[in-house]
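Remarks on the structure that follows.
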Protein chains: 2
Amino acid sequence: MFSIGQLSKQTGVKVPTIRYYEQVGLLVSAGRTEGNQRRYDTDGLERLGFIRHARDLGFSIEAITALIDLQQHPDRSCQEATQIAQHQLTDVREKLLRLKALETELVRIADGCDGEGNSDECYVLASLADHQHCRGEH
Amino acid sequence: MFSIGQLSKQTGVKVPTIRYYEQVGLLVSAGRTEGNQRRYDTDGLERLGFIRHARDLGFSIEAITALIDLQQHPDRSCQEATQIAQHQLTDVREKLLRLKALETELVRIADGCDGEGNSDECYVLASLADHQHCRGEH
DNA sequence: CTTGAAGCTCTAGTGACTAGAGGTTGTAGA
DNA sequence: TCTACAACCTCTAGTCACTAGAGCTTCAAG
Ligand SMILES: [Zn+2]
Ligand SMILES: [Zn+2]
Ligand SMILES: [Zn+2]
Ligand SMILES: [Zn+2]
């Protein structure tokens with residue numbers, strides 16, 4: 001049996017975060033000591049590892065809840081799991097497109113001024129004031 | 001003079017958002033009517049355009065506050081403006097790197113299962129359970 | 001002068017934590 | 001067995017940039 005602190009060390013998830021996961025129903029402790037402290041078994045350790053990894057990949061708490069639910073029912077179809085993963089991939093790709101567009105504009109803007117002049121003739125400020133300066137949409 | 005609704009239409013910023021910008025000190029109205037409604041002049045319109053564009057480029061409220069402050073003082077050096085822009089560019093590039101790594105892993109994960117099987121042999125769930133499956137860091 | 005769209009303030013909710021206050025428990029060493 | 005103190009507990013509030021809603025008032029067109 002592990003204390004919350006030991007779980008934290010093993011997974012790299014902070015103690016308050018583990019308590020937060022319990023609050024939102026993602027991870028229940030195996031039980032409590034007489035003095036009301038949480039104790040976890042290896043199941044809990046593995047589940048927290050799952051949560052951590054999925055969070056690192058950007059899955060939402062809601063999505064992870066659904067995935068864990070699926071994992072608890074080995075006889076169910078995994079269709080929902082692939083759908084969730086596909087959705088997450090789509091999401092990441094959209095963000096990538098947006099960020100690439102931002103990068104293009106920001107390179108132009110940030111490199112357009114050396115910071116030696118005064119703000120009334122600053123290319124950074126002028127670019128922010130008018131989207132017309134931008135090469136593309138963003 | 002424009003009402004808050006007219007300002008909203010011209011800039012594409014929602015009415016509650018404009019009020020929020022006032023609350024955090026970004027945009028003050030030119031005055032109020034006898035009945036306490038906000039009225040803006042072209043200065044306000046331009047400033048809101050600036051805010052909108054900077055937000056679209058991902059600058060934080062705090063950064064925009066500093067930029068507008070600088071804009072109000074045309075005789076000051078624009079060094080801070082370029083620093084803020086460079087910082088934003090760095091930030092975007094870091095996010096891009098992270099998202100690219102995520103995309104790589106998610107492609108593998110999402111395409112690794114067709115969703116036809118049961119969840120106990122699902123590649124998506126197995127991949128999330130163990131970072132060992134991953135090709136790189138993320 | 002009436003009507004209804006648009007305005008006002010204030011509070012609370014979003015997501016995924018994080019920080020802090022103020023109190024209790026577990027455990028290792030003496 | 002006692003003591004010290006790290007680790008634990010709960011609860012509240014703060015983060016960021018909005019967004020939603022309740023309940024009320026004002027503006028402007030017909
Ligand atoms: Zn400059
Ligand atoms: Zn632009
Ligand atoms: Zn599957
Ligand atoms: Zn991984």
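Computed from heavy atoms alone, side chains included, the values below leave out hydrogens, waters and symmetry copies. All values reported here derive from a predicted model rather than from experimental measurement. Each chain gets a letter, A, B and so on, in the order the sequences are listed, and its residues count up from 1.
Here the side chain of B:Arg38 is nearest to one of C:dC17, D:dT10, C:dC8, namely C:dC8.
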task = Please report the C-alpha distance between A:Arg76 and A:Asp69 in whole Å, then the side-chain angles of each, then the deciding distance to 0.1 Å, and finally whether the salt bridge (Lys or Arg N to Asp or Glu O under 4.0 Å) criterion is met.
result = CA-CA 10 Å; A:Arg76 285 230 294 263; A:Asp69 202 53; 3.5 Å; yes
query = Should A:Val13 and A:Leu7 be marked as a side-chain contact (heavy atoms from CB on, under 4.5 Å) after you check the CA-CA gap, both sets of side-chain angles, and the distance that decides it?
reply = CA-CA 8 Å; A:Val13 179; A:Leu7 215 65; over 6 Å; no
message = Walk me through whether A:Arg47 and A:Tyr40 qualify under side-chain hydrogen bond (donor to acceptor under 3.5 Å, both in side chains).
response = CA-CA 11 Å; A:Arg47 183 165 324 182; A:Tyr40 299 89; over 6 Å; no
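Distance CD1 (A:Ile61) to P (C:dT18): 11 Å, rounded to an integer number of Å. Distance, A:Phe2 CZ to D:dA7 C1': 17 Å, rounded to whole Å. Rounded to an integer number of Å, the gap from B:Tyr40 OH to C:dC8 C1' is 12 Å. Put simply, CG on A:Leu48 is 14 Å from C1' on C:dC17, counting in whole angstrom units. Rounding to whole angstrom units, CD of residue B:Gln6 and P of D:dT26 are separated by 19 Å.
For residues 10-37 of chain A, proximity to DNA chain C is found at A:Lys14, A:Thr17, A:Tyr20, A:Tyr21, A:Thr33, A:Gly35, A:Gln37, defined as any non-hydrogen atom under 4.0 angstrom from a strand atom.
Residues B:Glu62 and B:Arg39 each lie close to DNA chain D; by heavy-atom proximity, the contact nearer the 5' end of the strand is made by B:Glu62.
For the OP1/OP2 pair of C:dG7 and a distance below 4.0 Å, the side-chain nitrogens and oxygens of B:Ser3 include at least one atom meeting the criterion.
Ring pair B:His53/A:His133: centre-to-centre distance not below 6.0 Å.
Using modelled atom types, one finds no donor on one side chain facing an acceptor on the other under 3.5 Å when comparing A:Gln71 with B:Asp120.
The 12-atom threshold is not exceeded at CZ of A:Arg135, counting heavy atoms of other residues, nucleotides or ligands nearer than 6.0 Å.
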